[in-house]
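Please read all numbers here as calculations on a predicted model, not as lab measurements. Lettering of chains follows the sequences in order, A, B, ..., and the numbering in each one begins at 1.
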Amino acid sequence: MAKFMFVYRGGNDGAEEPSPEQMQQAMQAWGDWIQGGMTAGWLLDGGDGLKPEGQVVQPDLTVTDGPFAESKELVGGYSMVEAADLAAAVELAKACPMPAAGGTVEVRELAGHTAE
Amino acid sequence: MDPEVTPTEPPQLVEHFFRHESAKLISVLTRAFGVRYLDLVEDKVQEAMMAAVQAWRQPGIPANPSGWIYRVARNRVLDALRREKIHQRALALSHQTEEAIESLVEEWLSEDQLPDSLLRMIFVCCHPGLDRQSQIAMTLKILCGFSISEIARGLLISAEAAKKRVQRAKKTLAQQQIKIDLPPAAELQNRLSVVHDVLYLMFNEGYSTSQGHEPLRDDICEEAARLCHLLCQHKAFSTPETRALMALMLSHAARLGARVDSKGAVVLLAEQDRTQWDRKLINIAEVWLERSKTGTPSRFHLEAAISLVHCHASGVAATNWRLIVQFYDHLLTINESPLYVLNRAIARGESGDVDIALAELESIRGHREMRSYFLLDCALGRLHELGSNRTAAIEAYSAARSAAAAPHEQALLDKKLTQLRGP
């Protein structure tokens, strides 16, 4: 088995902020997905979301505000997943609520440098 | 893991939790800070709920989700007020200290006190200083937690129009410095009647299938009934009219599910599977109508009574049409609406008096509200059918068909015409 990181970008597409009902549906979808993954064992860590604001340290150690990526490019969160191979991990990513919310899931295998 | 905690199913949110949480927090916080901070409160409540969505994904929903959102929303409102240096002024205006406001707000959020804030907000959203369209839009926005695009979708208007209605209302409320109060006794009757009208129209908007079926519109019906029920729980507002309106909404709601077939197509009353009607709701509607007795029945009483006659009939033929005609007679003494005349004519025709019914329909043909004639031609078609005048029925239904705007109406009329033209 290999470990993968799901990197979430975008989501909540549309100009308008989500309505309370949409928020509840989104939360329900994520809750169900995480619950399902934990129970089945392939979800190692549901991960977390990232706040949109932050700062960037440059090579010369100057610090800039940012990241000022477009909201669909902005990393919004991550999860840790275990799967047999990349193809299997991609299948798991397809079933997560992110695509339906208009966002993307980048599926990346951990290199395993720190593994024993 | 805490050894004290026995693993159980994670807490689940009740249906529409966020929607109602939004209404609750906006009502209470706006009551605390004043209607001029309505926009700010709305923004912060929205932010607090977004934060909840993020925070609750992983460890799951907390034991007291309402308390969680409230604390975040309250802190954010206070932070925003402090940042904008309007805090001190706001406090000064309200003659309260920050601590006093906080404890007040927590008191208002308690289960037994919450309805009071919601009711105040209903009277604000249905303030007579606002036009009817804005009252409906505001009620959906503030008390039902609908977004602008949901309001637009629910009311079949553009998002731009929905936004304008809400903004117009907020501007008026702020300009007129409307207090978040319950109406004084002297105005109670009039103010309550505005609320009735708004909830009635809201329900009708949701119930209408003129544009086909859309699940969000069922939610509007549910919300209108929920708010009406809130009125019913309050001593001063639970008048015979309020209870009759409750009965009216529930008796219609009982038939919501049967109005659409498995493919989402609209099914007319005559063809509905009546076993699908919700008997439990019909019984509750009956109880409310029973409790609404008064010497001077309102249009809500009579419309509820008509609706319940349908609810109790096993089919079109078994319907007590003569009783329905009597109820419409009574309704017309309250309000001379050509729509009542039209509906009475159909009931009269169904009860056997086709000729009188046809004459009555002709009498309203010139009426302004009958401008499009679509409903009138449908009714004519039905009456000619009942009078076994096939040619005239085909003529009337054809006229209706050419005026029909919505695809499902066209389909229903095409079906009717095919049946009539026969093999």
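With ring centers used as reference points, A/Phe4 lies 6.0 Å or more from A/Trp42.
Only the backbone of B/Glu15 comes within contact range of chain A, with at least one heavy atom under 4.5 Å from a heavy atom of that chain. Interface remark: A/Gln28 contributes side-chain atoms only to the contact with chain B (heavy atom separation under 4.5 Å). Proximity to chain A (any heavy atom under 4.5 Å) is shown, for B/Ala51, by neither the backbone nor the side chain.
B/Ser117 and B/Arg31 are linked by a side-chain donor-acceptor pair at a separation below 3.5 angstrom, with hydrogens and angles left out of the test.
Each of B/His16, B/His20, B/Glu21 has some count of heavy-atom pairs under 4.5 Å with chain A, and the biggest count is that of B/His16.
The pair A/Glu21-B/Arg19 counts as a salt bridge, with a side-chain nitrogen and a carboxylate oxygen less than 4.0 angstrom apart.
In this structure, CG on B/Leu227 lies 8.0 Å from CG on B/Leu118, to the nearest 0.5 angstrom.
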